[in-house]
Amino acid sequence: MAKPETPKTAITPTRAQDYAEWYQQVVRAADLAENSPVRGCMVIKPWGYAIWENIQRELDTMFKETGHKNAYFPLLIPKSFLEKEAAHVDGFAKECAVVTHHRLVAGPNGGLIPDPKAELEEPLIIRPTSETIIGAAFASWVQSYRDLPLLINQWANVMRWELRTRLFLRTAEFLWQEGHTAHSTEAEAREETMKMLGVYTTFAEEYMATPVIYGPKTAAERFPGAVDTFCIEAMMQDRKALQDGTSHFLGQNFSRASGIEFQTKEETRELAWTTSWGVSTRLIGSLIMTHSDDDGLVLPPRLAPAHVVLLPVFRGDESKPAVMEYINALAKELRQQRFGERRVEVEIDARDLRGGDKQWEWIKKGIPLRVEVGPRDVEANAVMVARRDRGPKEKAAMPRADFVGSIVSILNDMQSGMFQKALAYRNEHTKPIDDKREFDAFFTPKSKVEDKAEIHGGFALSHWCGDPTCEAHVKDSLKVTIRCVPQGGYAGAPWADRVEEQGACVVCGKSSPQRVVFAKSY
RNA sequence: CGGGGCGUAGCGCAGUCUGGUAGCGCACCUGGUUCGGGACCAGGGGGUCGGAGGUUCGAAUCCUCUCGCCCCGACCA
């Protein structure tokens with residue numbers, strides 16, 4: 001009996017059929033994470049966590065190279081701390097988990113209830129972000145201008161009681177890093193803000209193979225309590241924008257709230273200027289939606305948990321020892337190669353599974369290279385190499401020495417190929433638009449099916465007068481927001497020289513100094 | 001939190017209207033034939049039908065209340 005309908009793709013539905021469902025299926029097929037019994041919280045599985053560890057390692061190196069030190073602050077924040085900065089309260093109050101008791105007792109109907117006698121005098125908030133608790137520490141650390149700048153980073157989990165969650169993109173608890181710095185001058189704090197935005201841009205482009213547009217947010221999109229928020233924005237394959245990272249210039253708002261004061265050389269007392277900046281496990285969602293295809297995950301080699309899987313092919317048990325010996329030796333040779341700051345990471349999959357199943361499993365997990373080794377290869381001193389950026393059936397025989405000698409350049413080639421592909425896609429779907437009707441049409445799906453609109457839109461480079469009313473109008477009518485006022489990240493794009501043109505606001509027609517990025521977003 | 005949909009084996013589903021004591025495909029295990037490949041034959045294991053109450057001789061099925069997930073909206077890294 002022949003299989004009735006062999007699907008042409010490993011992931012069902014495809015991106016074009018149902019992008020949101022495709023995303024979920026890729027996460028599952030690649031074994032990255034799953035929903036946990038805890039509302040809105042995910043279990044990050046080994047393959048997914050390994051990606052996060054790679055993100056962490058590379059970023060951590062970059063933070064340290066720019067002078068930052070890691071530290072750790074409490075998970076719980078006294079409610080009164082959060083109340084210190086008015087805008088901050090407004091931004092986060094609605095999504096805070098609150099700890100009110102410190103003991104459980106047996107309840108009337110069995111089970112446990114919080115002990116009424118053990119209610120906390122002051123509730124504690126599970127940190128949604130740590131500006132206030134770190135601010136309190138900074139206040140006691142900083143006395144003199146000689147104590148500045150203070151350059152701290154924290155790797156931590158935070159919790160925001162999100163109403164609608166999606167694995168990696170928005171979970172109630174997520175992992176991130178938050179940099180917090182304090183400076184003696186505004187100029188220096190602003191410089192720090194931009195420096196870290198630059199670090200994120202470099203990381204996105206060189207490690208995630210993701211082109212990003214960077215620049216300031218509008219006031220409406222600003223971090224609660226910040227003077228200026230800057231971001232890096234990437235385009236997903238459904239052409240929606242995803243913010244990959246943010247860097248905030250906090251002015252003196254938080255130092256005023258937390259009392260971060262220092263004595264200057266001139267013996268005056270001044271408030272420090274602070275910044276904060278962060279990226280989260282959301283980056284993994286970004287990776288998935290930027291690069292993956294209808295056969296599953298595609299990983300940039302620089303962040304892949306492993307670069308190559310060796311798949312032994314046996315013809316009966318008698319060939320097994322020779323093949324395994326060959327594979328083990330090959331693995332050793334490969335691991336001696338260095339790819340970037342890491343060695344070449346090799347998986348050996350000798351599980352007693354059918355070859356086809358194994359191949360597809362690794363395709364779905366997005367490993368960059370699959371290498372088959374069978375008796376014929378042992379005899380010919382060769383390998384069969386398949387690349388994740390090519391078709392699933394496409395493979396090529398290579399002399400073993402050539403493969404070992406060229407694996408690093410193959411991985412580099414894949415890495416840059418992925419960036420170029422993502423860049424071409426983003427540039428293609430970024431359009432200068434001046435006419436309001438064209439703008440509306442750009443963001444309106446053509447299909448009449450309400451719940452499953454086709455992939456449409458992209459980044460509209462349009463003029464905005466700066467009036468929040470015009471911004472709100474676009475948001476209300478089209479669900480489109482201003483992602484950022486572009487300052488860079490688009491050199492060489494066909495439309496690059498049109499960004500800084502003067503023009504007329506696409507909503508009201510008043511004059512505008514430059515184009516901004518409008519898009520639907522995650 | 002508002003609107004819609006859905007919770008039945010690891011995954012995908014049927015059965016629910018018209019209560020009668022749980023089934024299909026894939027996955028998993030065993031044996032065999034295959035196999036540089038998303039096999040085939042035979043046999044087998046696995047489910048308190050999301051949870052709690054209720055109606056009934058009898059509930060996956062009817063009623064009430066809950067919890068969770070997905071999609072759309074508001075909010076957001």
Side-chain angles (χ1 to χ4, degrees), chain A residues 1-10 12 18-21 23-25 28-29 31 34-42 90-95 109-111 128-129 158-178 200 217 221-224 229 231-233 242-248 276-286 295 311-316 319 323 352-364 370-378 382-384 386 392-393 395 397 449-453 475-476 479 481 521-522:
Chain A
M1 189 178 78
K3 220 172 183 167
E5 280 164 74
T6 307
K8 290 192 184 72
T9 59
T12 321
D18 185 345
Y19 194 82
E21 179 62 20
Y23 174 82
Q24 308 265 122
Q25 294 304 325
R28 201 173 55 158
D31 209 25
E34 61 192 22
N35 281 307
S36 77
V38 186
R39 202 204 97 102
C41 296
M42 63 179 163
D90 281 353
F92 287 108
K94 298 184 291 294
E95 49 185 38
N109 309 314
T129 178
V158 288
M159 175 158 273
R160 297 178 188 177
W161 208 263
E162 299 291 350
L163 301 174
R164 199 176 143 202
T165 59
R166 294 180 78 184
L167 290 173
F168 291 116
L169 294 175
R170 181 171 299 104
T171 46
E173 181 189 12
F174 57 95
L175 306 182
W176 78 345
Q177 59 67 218
E178 43 182 328
Y200 288 154
K217 287 282 192 199
E221 302 284 326
R222 207 173 276 155
F223 175 76
T229 287
C231 64
I232 56 174
E233 293 283 332
L242 187 127
Q243 179 177 303
D244 273 344
T246 49
S247 185
H248 313 292
S276 70
W277 27 273
V279 300
S280 72
T281 36
R282 176 180 245 202
L283 288 181
I284 296 174
S286 177
D295 286 327
L311 303 160
V313 178
F314 306 131
R315 285 199 157 284
S319 60
V323 170
D352 182 20
L353 280 182
R354 299 190 49 73
D357 293 337
K358 242 194 243 189
Q359 289 275 359
W360 281 103
E361 209 175 285
W362 288 105
I363 290 170
K364 287 185 277 194
R370 308 184 302 282
V371 171
E372 292 171 26
V373 175
R376 289 209 297 263
D377 304 299
V378 174
V383 291
M384 273 291 199
K393 307 277 184 193
K395 56 187 176 181
V449 191
E450 294 100 19
D451 46 335
K452 290 283 176 282
K475 184 173 180 177
D476 295 341
K479 291 174 236 158
T481 50
S521 77
Y522 279 94

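Labels below follow one simple rule: chain letters A, B, ... track the order of the sequence lines, proteins then strands, and each chain is numbered from 1. Please read all numbers here as calculations on a predicted model, not as lab measurements.
- In this structure G68(B) sits in a base pair with C6(B), meeting the Watson-Crick or G-U test at under 3.5 Å.
- When both distances must be under 3.5 Å, the Watson-Crick or G-U wobble mate of C75(B) does not exist.
- By the 4.5 Å heavy-atom criterion applied to side chains, Trp360(A) and Arg354(A) are not counted as neighbours.
- Of the side-chain N and O atoms in Arg164(A), none sit less than 4.0 angstrom from OP1 or OP2 of C69(B).
- Partner assigned to A42(B) is U30(B), using Watson-Crick or G-U wobble distances below 3.5 angstrom.
- At G36(B), none of the side-chain N or O atoms of Lys395(A) fall inside 4.0 Å of OP1 or OP2 (strictly under the cut-off).
- Using Watson-Crick or G-U wobble geometry with both donor-acceptor distances under 3.5 Å, C35(B) finds no partner in any strand shown.
- Between the base of G36(B) and the side chain of Asp377(A) there is a donor-acceptor pair shorter than 3.5 Å.
- When the P atom of C76(B) is taken as reference, atom CZ of Arg160(A) falls 11 Å away, rounded to whole Å.
- Between Gly245(A) and Val279(A) the shortest heavy-atom distance is CA-CG1, 3.8 Å.
- Rounded to whole angstrom, the span from the NZ atom of Lys479(A) across to the C1' atom of C71(B) amounts to 12 Å.
- A salt bridge is defined here as a Lys NZ or Arg NE, NH1 or NH2 lying under 4.0 Å from an Asp or Glu carboxylate O, and Glu361(A) with Arg370(A) fails to meet this definition.
- You'll find a donor-acceptor pair under 3.5 Å spanning the side chain of Arg354(A) and the base of A39(B), going by distance alone.
- Using bins of under 30°, 30° to 60° and over 60° for the plane-to-plane angle, the ring pair Tyr200(A)/Trp277(A) lands in the perpendicular bin.
- Stacking between Trp176(A) and A77(B) is absent: the aromatic ring centre is not both under 5.5 angstrom from the base six-membered ring centre and within 30 degrees in plane angle.
- Base pairing of U48(B): no nucleotide in any strand meets the Watson-Crick or G-U wobble criterion (both distances under 3.5 Å).
- A 4.5 Å side-chain heavy-atom check between Leu242(A) and Arg282(A) finds at least one atom pair inside the cut-off.
- In this entry A59(B) has no Watson-Crick or G-U wobble partner, no candidate having both defining distances under 3.5 Å.
- Nucleotide C24(B) is matched to G12(B) when pairs are restricted to Watson-Crick or G-U wobble geometry with both distances under 3.5 angstrom.
- Remark: Lys217(A) is not in phosphate contact with A77(B), judged by side-chain N or O atoms under 4.0 Å from OP1 or OP2.
- Residue Arg39(A) contributes atom CZ, which lies 21 Å from atom P of G50(B) at whole-angstrom precision.
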